[in-house]
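So the structure is just underneath, and the comments pick up after that.
If you read the sequence from its start, that first residue is 1, and numbering goes on from there.
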Amino acid sequence: MDLEEKTIDQQTVFKGHVVDVELQHVKTPQGNIATREIVRHAPAIALLVIDDDQKMILEKQWRAPVQNITWEIPAGKLDERDHGDARHAAIRELNEETRLQAGELTKITAFYSSVGFCDEYLTLYQARNLKPVEHALPQDQDEDIKLYRFSLDEALKMIETGAIEDSKTIVAVYYWQAQTLAQKLKENHE
């Protein structure tokens, strides 16, 4: 069965600083006409930053879309400085948001943040062997970020209690948990 919808027409109904909104009319495989509202967003990165004390860095900040304070891992969108290079964006965002650089920066995975309405594609990295940057990049003027450090157990508890509700952060914490458990199993078998 062919699941692909055929676009009949499309138009950008909003062009913003962070997102564009596109309205599409499509023909479904069953022949029905449907409307799709699509948010277009630049590719983005997110960082699971783990320090030498085995604590992750979380940011506490206000998020207007949910009208609440959120706990999130450092993240940001690719911009013209990155020339389409997600790794470059990860290094830059780590500097801008945490004032740290990673001796070890490893790609974990990449995923769409919410395929039902948005094309944002996130690449998740793990940053370890941290040290302060020598040359700090300017922080975004519209951000007010507070940094905190949490153990894996604390982060898991924050997910359980609903303190962490951000999907990229939940993915990162569960990855960290799986990685930690795999390492313990390996050590027990050696």
Side-chain angles (χ1 to χ4, degrees), residues 18-20 38-61 63 70-140 143 145-156 158-159 164-187 189-190:
V18 175
V19 299
D20 296 341
I38 301 169
V39 175
R40 300 289 184 194
H41 189 283
I45 62 87
L47 292 150
L48 171 59
V49 183
I50 302 174
D51 67 17
D52 291 341
D53 295 326
Q54 294 304 301
K55 293 197 173 189
M56 75 180 304
I57 294 177
L58 287 179
E59 300 175 348
K60 187 177 185 180
Q61 61 185 318
R63 289 297 195 176
T70 61
W71 290 100
E72 300 174 51
I73 57 176
K77 61 183 172 65
L78 275 69
D79 64 28
E80 65 281 346
R81 298 171 288 180
D82 303 313
H83 304 287
D85 184 349
R87 184 178 180 82
H88 184 275
I91 293 166
R92 179 182 53 74
E93 287 289 344
L94 185 62
N95 179 324
E96 288 177 12
E97 294 192 1
T98 70
R99 303 300 191 214
L100 296 170
Q101 59 186 355
E104 180 185 338
L105 185 66
T106 308
K107 179 182 173 182
I108 296 171
T109 191
F111 54 94
Y112 290 101
S113 62
S114 187
V115 295
F117 73 94
C118 184
D119 69 351
E120 179 185 47
Y121 192 70
L122 279 160
T123 303
L124 177 61
Y125 290 90
Q126 179 176 258
R128 289 186 174 268
N129 300 325
L130 307 169
K131 63 180 181 178
V133 295
E134 291 180 21
H135 303 288
L137 296 172
Q139 294 181 324
D140 293 343
E143 291 181 327
I145 298 170
K146 307 288 186 232
L147 301 178
Y148 298 86
R149 295 172 193 258
F150 295 95
S151 69
L152 176 57
D153 287 342
E154 290 168 328
L156 288 166
M158 291 171 77
I159 292 171
I164 295 176
E165 298 178 298
D166 174 66
S167 63
K168 68 185 175 297
T169 303
I170 292 170
V171 168
V173 171
Y174 284 153
Y175 170 83
W176 186 22
Q177 179 186 36
Q179 184 185 47
T180 301
L181 292 172
Q183 182 61 38
K184 286 180 183 177
L185 284 173
K186 182 180 174 187
E187 289 169 3
H189 283 56
E190 290 179 352

Close side-chain approach of [X] and [Y], heavy atoms under 4.5 Å:
X	Y	answer
Asn95	Gln101	no
Glu93	Pro74	no
Leu124	Lys107	no
Ser114	Glu120	no

* Return yes when atom OH of Tyr148 has more than 12 non-hydrogen atoms of other residues, nucleotides or ligands closer than 6.0 Å, and no otherwise. => yes
* **No-hydrogen, no-angle side-chain donor-acceptor test under 3.5 Å, Gln183 and Gln179** => no
Indicate every side-chain donor-acceptor pair of residues 43-57 with a distance under 3.5 Å to a residue at least two apart or in another chain.
unit_1: Asp51; atom_1: OD1; unit_2: Asp53; atom_2: N; d: 2.9
unit_1: Asp51; atom_1: OD1; unit_2: Gln54; atom_2: N; d: 3.2
unit_1: Asp51; atom_1: OD1; unit_2: Lys55; atom_2: N; d: 2.9
unit_1: Asp51; atom_1: OD2; unit_2: Arg149; atom_2: NH1; d: 2.9

What pair of heavy atoms forms the shortest contact from [X] to [Y], and how long is it?
X	Y	answer
Gly84	Leu78	C-CD2, 3.6 Å
Ile73	Ala172	CD1-CB, 3.8 Å
Trp176	Arg128	NE1-NH2, 4.0 Å

* To do: In plain terms, say whether Arg63 and Asp166 are close enough for a salt bridge, that is, a side-chain N and a carboxylate O under 4.0 Å apart.
  => no
For the [atom1] atom of [X] and the [atom2] atom of [Y], what is their distance to the nearest 0.5 Å?
X	Y	atom1	atom2	answer
Lys146	Gln61	NZ	CD	10.5 Å
Tyr175	Thr180	OH	OG1	9.5 Å
Tyr112	Leu122	OH	CG	11.0 Å
Gln177	Asp153	CD	CG	8.5 Å
Leu58	Phe150	CG	CZ	5.5 Å
Leu105	Tyr125	CG	OH	6.5 Å

* Under 3.5 Å donor-acceptor, Asp82 side chain and Asp79 backbone -> yes
* Do any N or O atoms from the side chain of Thr70 and from the backbone of Glu72 form a donor-acceptor pair under 3.5 angstrom? -> no
Considering only distance and modelled atom types, tabulate donor-acceptor pairs under 3.5 Å from the side chains of residues 129-140, sequence neighbours left out.
unit_1: Asn129; atom_1: ND2; unit_2: Glu104; atom_2: OE1; d: 3.3
unit_1: Gln139; atom_1: NE2; unit_2: Glu96; atom_2: O; d: 2.8

* **The single option from Val19, Asp20, Asp119 passing side-chain contact (heavy atoms from CB on, under 4.5 Å) against Val39** => Val19
